[in-house]
Every structure is written in structure tokens, then in C-alpha cells.
Amino acid sequence: MTRAQIMVRPHRGGFHESMREAVLIAASIEGIRAHAGVRPGAAIEVKPYESRRDPRNGWLTHIITIDGKPWGYSSGPLEDIK
């Protein structure tokens with residue numbers, strides 16, 4: 001079985017700067033934890049950021065927070081929290 005994947009980008013600078021760092025990862029909390037180097041037990045949340053697709057990149061953008069602080073954005077929801 002193939003695991004779902006999403007694109008993620010960090011929350012930094014402007015949109016174009018952030019998009020230069022976008023990568024494809026497993027669409028799961030563990031995928032974010034591994035990519036971001038987050039310690040076990042940290043609270044990771046992924047929530048819808050906009051109600052429409054972002055015309056700049058076509059993403060149905062979700063915001064990723066770690067321990068309540070913005071970390072970045074994903075191209076959609078995670079498979080383990082749909």
C-alpha cells in the first residue's frame with residue numbers, strides 16, 4: 001500500500017521564499033515530526049487555513065502548528081486526521 005503524501009513549506013519570509021523550501025513528505029503527523037525534527041510529545045496540529053485553493057500554488061492550504069506556534073503550511077489535510 002502506498003502512503004499518501006503532501007507538500008509542506010516552512011512559515012518564513014514571503015510566499016516565494018517559502019515555496020523554494022517546499023518538499024514532499026508522508027501525509028501524517030509522523031511525516032511532519034520526521035521532516036521538522038520535532039521532539040516526541042510535541043503537539044502537532046494541521047488545520048484548514050483557507051476555504052479555497054490558493055491560486056498561487058493550487059494548494060488547499062492547511063496551517064501546521066507545533067506546540068501552538070506556526071511552523072508551516074501543507075498542500076492539504078493529513079491522511080491520519082481527515
Side-chain angles (χ1 to χ4, degrees):
M1 179 171 83
T2 303
R3 296 212 15 120
Q5 295 184 312
I6 56 170
M7 294 292 294
V8 295
R9 63 183 177 92
H11 173 68
R12 75 171 88 244
F15 172 79
H16 295 291
E17 177 185 354
S18 178
M19 283 302 294
R20 283 193 294 271
E21 296 183 46
V23 295
L24 190 64
I25 66 167
S28 65
I29 292 292
E30 287 309 313
I32 292 171
R33 189 178 306 285
H35 174 69
V38 178
R39 66 176 170 71
I44 299 174
E45 292 186 290
V46 179
K47 298 178 183 175
Y49 187 66
E50 295 191 19
S51 61
R52 62 177 174 78
R53 291 203 177 271
D54 187 326
R56 301 172 296 177
N57 58 11
W59 290 11
L60 185 57
T61 305
H62 284 57
I63 189 164
I64 301 167
T65 61
I66 299 175
D67 288 336
K69 297 180 180 122
W71 177 85
Y73 303 93
S74 70
S75 60
L78 302 183
E79 70 173 10
D80 53 1
I81 60 169
K82 282 185 182 174

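Positions are given from 1, in the same order as the sequence printed here. What you are looking at is a predicted structure, and each value in this text was computed from that prediction instead of being measured.
- One distance of note links CD1 of Ile29 with CD of Glu45; it measures 8.5 Å at 0.5 Å rounding.
- Nearest heavy atom pair, residue Ala27 against residue Pro77, reads CB-O, 4.4 Å.
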Walk me through whether Ile25 and Ile6 qualify under side-chain contact (heavy atoms from CB on, under 4.5 Å). CA-CA 6 Å; Ile25 66 167; Ile6 56 170; 4.2 Å; yes

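- Of all heavy-atom pairs between Ile63 and Pro70, the closest is CD1-CB, 4.3 Å.
- In this structure, Arg12 and Glu21 have side chains that are in contact, with non-hydrogen atoms separated by less than 4.5 Å.
- Contact record, Ala36 with Ile66: CB-CD1, 4.2 Å, taken as the closest heavy-atom pair.
- By the criterion of side-chain heavy atoms lying less than 4.5 angstrom apart, applied directly or through intervening Ile, Leu, Val, Met, Phe, Trp or Tyr residues, Met7 is not grouped with Ile64; the two fall into different hydrophobic clusters.
- One finds the CZ atom of Arg9 at 6.0 Å from the CG atom of Asn57 (value rounded to the nearest 0.5 Å).
- Taking CH2 from Trp59 and CG from Asp54, the interatomic distance works out to 9.0 Å, rounded to the nearest 0.5 Å.
- Here the CZ atom belonging to Arg52 is positioned 9.0 Å from the OG1 atom belonging to Thr61, to the nearest 0.5 angstrom.
- Expressed to the nearest 0.5 Å, how far CD of Gln5 lies from OG of Ser74 amounts to 13.5 Å.
- No chain of hydrophobic side-chain contacts below 4.5 Å, direct or via other Ile, Leu, Val, Met, Phe, Trp or Tyr residues, connects Leu60 to Leu24.
- In terms of heavy atoms, His62 sits closest to Pro48 at CD2-N, 3.4 Å.
- Across every non-hydrogen atom of Arg53 and Gly58, the tightest pair is NH1-O, 3.0 Å.
- The ring pair (Phe, Tyr, Trp, His ring centres under 6.0 Å) test applied to Phe15 returns no partner, not counting sequence neighbours.
- Taking the charged nitrogens against the carboxylate oxygens, Arg33 and Glu30 do have a contact shorter than 4.0 Å, which makes a salt bridge.
- Hydrophobic cluster membership is shared by Val38 and Val8, with clusters built from Ile, Leu, Val, Met, Phe, Trp and Tyr side chains linked at under 4.5 angstrom.
- Taking CD of Glu50 as the reference point, atom OH of Tyr73 lies at 9.5 Å (rounded to 0.5 Å).
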